[in-house]
Amino acid sequence: MEGTAQTETPPYKYVSVEGPIVAIEPANLERDRRPLAHRYFGVRAGDQYIERTRAGTVENVLVRMRPERWLTVDYGKA
């Protein structure tokens, strides 16, 4: 499996990671989704996002992987 996280605005940065999947399980709203929503939107907007998307996310899954290879780039560093 390969996963990537990136910034969408300059200075661009990203990290890509590869490795085998070690588990696939149902995503839990409070353990998995809400903390991510809070991280990216803040508490208030994150809670609003969770409520607006709750009905459409009945089959979310959490995929766990064991990282073996990493690639990072930060175009903001000179």
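Model, not experiment: these values are computed from the prediction. These numbers come from the heavy atoms of this one structure, side chains and all, not from hydrogens, waters or symmetry mates.
- Within the structure, the side chain to side chain donor-acceptor pair (under 3.5 Å) test picks out the following pairs touching residues 19-30 (sequence neighbours left out): Glu25-Arg31, Glu25-Arg64, Glu30-Arg34.
- Considering only residues two or more places apart in sequence or on other chains, Glu18 meets the side-chain hydrogen bond (donor to acceptor under 3.5 Å, both in side chains) condition with Arg69.
- Of the inter-residue distances, the one linking Arg54 atom CZ with Arg52 atom CZ reads 12.5 Å to the nearest 0.5 angstrom.
- Here the CD1-OG1 distance, from Ile50 to Thr53, works out to 5.0 Å after rounding to the nearest 0.5 Å.
- Residues Ile24 and Val17 fall within the same hydrophobic cluster, defined by Ile, Leu, Val, Met, Phe, Trp and Tyr side chains chained together at heavy-atom separations under 4.5 Å.
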Problem set entry | CA sep, side-chain torsions, deciding dist, call: Asp74, Thr72, side chain to side chain contact (heavy atoms under 4.5 Å, CB included) | CA-CA 7 Å; Asp74 182 349; Thr72 62; over 6 Å; no

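- Pairs engaging residues 26-52 under the ring pair (Phe, Tyr, Trp, His ring centres under 6.0 Å) rule: Phe41-Tyr49 [sequence neighbours left out].
- Under the 4.5 Å side-chain heavy-atom criterion for Ile, Leu, Val, Met, Phe, Trp and Tyr, Trp70 and Met65 are members of the same hydrophobic cluster.
- Qualifying side-chain contact (heavy atoms from CB on, under 4.5 Å) partners for Pro35, counting only residues two or more places apart in sequence or in other chains: none.
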List the atom pairs, donor and acceptor, that lie under 3.5 Å between side-chain atoms in residues 5-16 and the rest of the protein, sequence neighbours left out.
residue : atom : partner : partner atom : Å
Gln6    : NE2  : Glu8    : OE2          : 2.8
Thr7    : OG1  : Lys13   : N            : 3.0
Ser16   : OG   : Glu2    : OE2          : 3.1

